[in-house]
Enquirer: 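My structure is below; once you've seen it, I'll send some questions.
It should be emphasised that the depicted structure is a prediction, and the values quoted were computed from it without experimental measurement.
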Amino acid sequence: MAPSAPHTRAAAALRMKQIALDNQDRTIRRLRAQLTTERRGLAATKKELEDTQVALEASHKVIAGLTEIGLSMSKKIEKMKAKKQLTRANHVECHQKFQARIHEAEDSMQAQHLLIEALVDEKDSLLQTIHGLQEANNAPAPFDGDWEEEPEEEPEEEEIEDIPLGEGEIDDE
């Protein structure tokens with residue numbers, strides 16, 4: 001049995017090496033399959049990353065566009081506010097000028113009314129003087145019967161009041 005023992009040992013060693021090689025081959029195939037699966041997963045992840053990058057770039061463009069629109073709108077709003085303030089100031093100035101004209105017209109009307117009253121008083125005084133002179137000279141009265149003086153009526157004064165600001169108008173006072 002001695003001579004067959006080394007042969008059996010060599011065969012067993014070969015058999016063990018073959019088993020080890022088979023195990024390594026299975027391990028290599030399993031690792032290659034895992035590598036292929038990982039590569040597929042990595043390719044899918046890479047594709048998702050690229051899609052995400054494209055979506056992110058599109059989002060950045062949209063945000064940049066919206067920011068530009070927002071800035072443009074802010075500038076327009078500021079211009080509109082300035083225009084509104086200028087319009088309000090012009091409106092107040094026009095209102096004040098109009099009120100001043102109304103007051104001037106009222107003052108002028110009052111002055112004209114006083115002047116008319118003074119002229120009527122002067123006319124009455126002149127008529128009395130003429131009548132007195134006619135009586136002194138025994139002359140007939142030129143206006144007797146032909147002309148009757150109407151009773152003097154006080155004209156109703158229409159006062160022009162401050163025009164109130166209407167609803168929706170600007171009041172900066």
Enquirer: For residues 16-25, which side-chain N or O atoms pair as donor and acceptor with protein atoms under 3.5 Å away, sequence neighbours left out?
Expert:
residue	atom	partner	partner atom	Å
Q18	NE2	D22	OD1	3.1
N23	OD1	R26	NH1	2.9
N23	ND2	I19	O	3.4
D25	OD2	R29	NE	3.3
D25	OD2	R29	NH2	2.6

Enquirer: Suppose clustering is done on Ile, Leu, Val, Met, Phe, Trp and Tyr with side-chain heavy atoms closer than 4.5 Å. Which residues sit in the same group as L115?
Expert: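 Members other than L115 - counting any ILVMFWY side chain reachable under 4.5 Å - are L119.
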Enquirer: Please tabulate, for the side chains in residues 58-82, all donor-acceptor contacts under 3.5 angstrom to protein atoms that are two or more places apart in sequence or on a different chain.
Expert:
residue	atom	partner	partner atom	Å
S59	OG	A55	O	3.0
T67	OG1	I63	O	2.7
S74	OG	G70	O	3.0

Enquirer: Roughly how far apart are C94 SG and Q99 CD, rounded to 0.5 Å?
Expert: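 Here the interatomic distance stands at 12.0 Å.
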Enquirer: Does the side chain of Q110 come within less than 4.5 Å of D107's, by heavy atoms?
Expert: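 Counting from C-beta outward, D107 and Q110 do come under 4.5 Å.
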Enquirer: Which residues satisfy the side-chain contact (heavy atoms from CB on, under 4.5 Å) test with R30, sequence neighbours excluded?
Expert: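 Partners of R30 under the side-chain contact (heavy atoms from CB on, under 4.5 Å) test: T27, Q34.
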Enquirer: How many angstroms lie between CG in L31 and CG in L35, if you round to the nearest 0.5 Å?
Expert: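 Taking CG in L31 and CG in L35, the distance rounds to 8.5 Å.
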Enquirer: Given the rule in the side chain to side chain contact (heavy atoms under 4.5 Å, CB included) test, do E117 and L114 qualify, once you have shown the distances and angles that lead to the verdict?
Expert: CA-CA 5 Å; E117 284 181 4; L114 292 174; 4.2 Å; yes
Enquirer: Could you tell me whether the side chain of T129 and the main chain of S125 form a donor-acceptor pair under 3.5 Å?
Expert: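 Yes; at least one donor-acceptor contact below 3.5 Å.
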Enquirer: With sequence neighbours left out, what residues match K97 under salt bridge (charged side-chain N to carboxylate O under 4.0 Å, His left out)?
Expert: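 Testing K97 for salt bridge (charged side-chain N to carboxylate O under 4.0 Å, His left out), a comparison that skips the adjacent residues, returns E93.
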Enquirer: Which pairs of donor and acceptor atoms, one on a side chain in residues 37-49, lie under 3.5 Å apart (sequence neighbours left out)?
Expert:
residue	atom	partner	partner atom	Å
T37	OG1	A33	O	2.9
T45	OG1	G41	O	2.8
K47	NZ	D51	OD1	3.3

Enquirer: Is there a side chain to side chain contact (heavy atoms under 4.5 Å, CB included) between H95 and V92 once you walk through the steps?
Expert: CA-CA 5 Å; H95 183 74; V92 168; 5.6 Å; no
Enquirer: Checking Q53 now: which residues fulfil side chain to side chain donor-acceptor pair (under 3.5 Å) with it, not counting sequence neighbours?
Expert: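 If we apply the side chain to side chain donor-acceptor pair (under 3.5 Å) test to Q53, skipping adjacent residues, the hits are E57.
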